[in-house]
Amino acid sequence: MELFPRITKDNPVLVLSRLQLRDLNLDHVGEEQKRQIQQLYLTYNSFSLFPTSICLLSNLEHLDLSNNYLTAVPEDITRLANLKTLVAKNNHLDETSFPKHFGTMHIESLNLSGNRFREIPRQFLKLSRLLSLSLGGNRLKSIPAEIENLNRLEMLYLGGNMISSIPPELANLRCLRYLVLCDNCIQSIPPQLSRLHSLLSLSLHNNLLTFLPREILSLVHLQELSLRGNPLVVRFIKDMTYDPPSLLELAGRTIKSRNLPYLPSDLPANLCHYLDMASKCPNPKCAGVYFDSCVRHIKFVDFCGKFRLPLMHYLCSPECSSPCSSNPQSDAESEEENSVPADRLQRVLLG
């Protein structure tokens, strides 16, 4: 405890790491010193219980309890009104470890990688000021749709879990700049992620991806895309598996493609909603639309003049000609290819 006298306004940091501590007794620390401590490092000790004496540090902003044996966090932590950063990597915490009102705190950065979470606790999804969330190296199998509630989030690290899918609601995180989903079991990327216009880096390596949605071209600020370790197709593939459209879809296609006028008073509400769901065929030579019946079509798109990435397209019918040449060696480029300048992506990591 000889470090306590060194705490001053100019040096508000207390480091008590690698001391084999099992408890933290602050009884002999003056009230003035307690108020001065803003950063506390208790890493690589032997804490199995959260030291409740920490909650006496009213001006604490940064707390690091990594590499201990913690299994629970007490309700008293909510007394730390100024806490902005909580780091507790490599402990024994799970989704039952946090108090009910943890979500009312003003935490901006939460790093709980290397623990035992099987799901993201609801309390975390109520942290309205959260900018960075790291839950890598846990046991997560899914991402809850409520992740969209973290509307200030700039960095989301969920690498090294067992996640199999990405909810479309993730696309509502409009401030997200860094998204790390590497080392999971993800098989597809929802096209809605194209709405992440602030995204700078997308890490998807070591998953089960065989293609990317064509909408990924809309990520205009993306600088780094990591895809290594995925079973991405290595040659041009054209999949013409096709279920014939229903009579409902044929009628809907006729109305939309011919711009036939209709009013909500003309049709039942469910049919109006159905017509509003029409998707335009991506082939620039085709004016068709589709609803449920479409042709899956994978084509390679040139990124940065160096890499050809497999992107998924949906065509309105097998008769619809491809928006690009069926010859992968062709010099002809599609509209999308021309729209991706060489300086768009600084790094595309495929191997």
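Just so it is clear, the model here is predicted, and its values are computed rather than measured. Note that the numbering runs from 1 along the sequence shown for the chain.
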Going by heavy atoms in the side chains, are [X] and [Y] under 4.5 Å from each other?
{"X": "I54", "Y": "L42", "value": "yes"}
{"X": "P245", "Y": "L250", "value": "yes"}
{"X": "L193", "Y": "I216", "value": "no"}
{"X": "L170", "Y": "L156", "value": "yes"}
{"X": "I77", "Y": "M105", "value": "yes"}
{"X": "L275", "Y": "L267", "value": "yes"}
{"X": "N59", "Y": "I37", "value": "no"}
{"X": "R116", "Y": "R139", "value": "yes"}

Between [X] (side chain) and [Y] (backbone), is there a donor-acceptor pair under 3.5 Å?
{"X": "T78", "Y": "F102", "result": "no"}
{"X": "N68", "Y": "N91", "result": "no"}
{"X": "N138", "Y": "G136", "result": "yes"}
{"X": "N184", "Y": "N207", "result": "no"}
{"X": "N161", "Y": "L135", "result": "yes"}
{"X": "D94", "Y": "N115", "result": "no"}
{"X": "S134", "Y": "N111", "result": "no"}

Just wondering, are more than 12 heavy atoms of other shown residues or ligands nearer than 6.0 Å to [atom1] in [X]?
{"X": "Q20", "atom1": "CD", "result": "no"}
{"X": "L247", "atom1": "CG", "result": "no"}
{"X": "K34", "atom1": "NZ", "result": "yes"}
{"X": "K89", "atom1": "NZ", "result": "no"}
{"X": "K141", "atom1": "NZ", "result": "no"}
{"X": "R118", "atom1": "CZ", "result": "no"}
{"X": "R195", "atom1": "CZ", "result": "yes"}
{"X": "Y44", "atom1": "OH", "result": "no"}

For this session: May I ask you to check whether S17 and T43 show a side-chain donor-acceptor distance below 3.5 Å?
Result: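 On atom types as modelled, these side chains qualify, holding a pair under 3.5 Å.
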Exercise. Among side-chain atoms of N206 and D183, is any donor-acceptor pair under 3.5 angstrom?
Worked result: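 There is such a pair (donor and acceptor under 3.5 Å, judged by atom type) between the side chains of N206 and D183.
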What pair of heavy atoms forms the shortest contact from [X] to [Y], and how long is it?
{"X": "A171", "Y": "Q192", "value": "CB-O, 3.0 Å"}
{"X": "Y69", "Y": "H92", "value": "CD2-CE1, 3.8 Å"}
{"X": "R174", "Y": "S198", "value": "O-OG, 3.0 Å"}
{"X": "L112", "Y": "A88", "value": "CD2-CB, 3.6 Å"}
{"X": "S132", "Y": "M155", "value": "OG-CE, 3.1 Å"}
{"X": "L130", "Y": "F124", "value": "CD2-O, 4.4 Å"}

Applying a strict under-4.5 Å side-chain criterion to I, L, V, M, F, W and Y, I'd like to know whether [X] and [Y] cluster together.
{"X": "I186", "Y": "L196", "value": "yes"}
{"X": "L93", "Y": "L49", "value": "no"}
{"X": "L56", "Y": "L24", "value": "no"}
{"X": "L110", "Y": "L131", "value": "no"}
{"X": "V87", "Y": "L21", "value": "no"}

How many angstroms lie between [atom1] in [X] and [atom2] in [Y], if you round to the nearest 0.5 Å?
{"X": "L227", "Y": "L212", "atom1": "CG", "atom2": "CG", "result": "5.5 Å"}
{"X": "L199", "Y": "C175", "atom1": "CG", "atom2": "SG", "result": "12.0 Å"}
{"X": "E31", "Y": "L26", "atom1": "CD", "atom2": "CG", "result": "10.0 Å"}
{"X": "K126", "Y": "K100", "atom1": "NZ", "atom2": "NZ", "result": "8.0 Å"}
{"X": "S46", "Y": "D23", "atom1": "OG", "atom2": "CG", "result": "12.0 Å"}
{"X": "L57", "Y": "R35", "atom1": "CG", "atom2": "CZ", "result": "11.5 Å"}

Exercise. Hey, what's the ring geometry for F291 with Y274, parallel, tilted or perpendicular (30° and 60° as the breaks)?
Worked result: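 Taking Y274 first and then F291, their aromatic rings lie parallel (interplane angle under 30°).
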For this session: Verify side chain to side chain contact (heavy atoms under 4.5 Å, CB included) between I189 and L181, making sure each step is shown before the conclusion.
Result: CA-CA 11 Å; I189 304 299; L181 295 169; 5.8 Å; no
Problem set entry | Criterion side chain to side chain contact (heavy atoms under 4.5 Å, CB included) on L127 and L133, from CA distance to verdict | CA-CA 10 Å; L127 294 168; L133 175 61; over 6 Å; no
For this session: Mind running side chain to side chain contact (heavy atoms under 4.5 Å, CB included) on H205 and C182 for me, showing each step along the way?
Result: CA-CA 5 Å; H205 51 272; C182 59; 3.2 Å; yes
Exercise. Step by step, would you call Q36 with N11 a side chain to side chain contact (heavy atoms under 4.5 Å, CB included)?
Worked result: CA-CA 9 Å; Q36 289 176 347; N11 183 33; over 6 Å; no
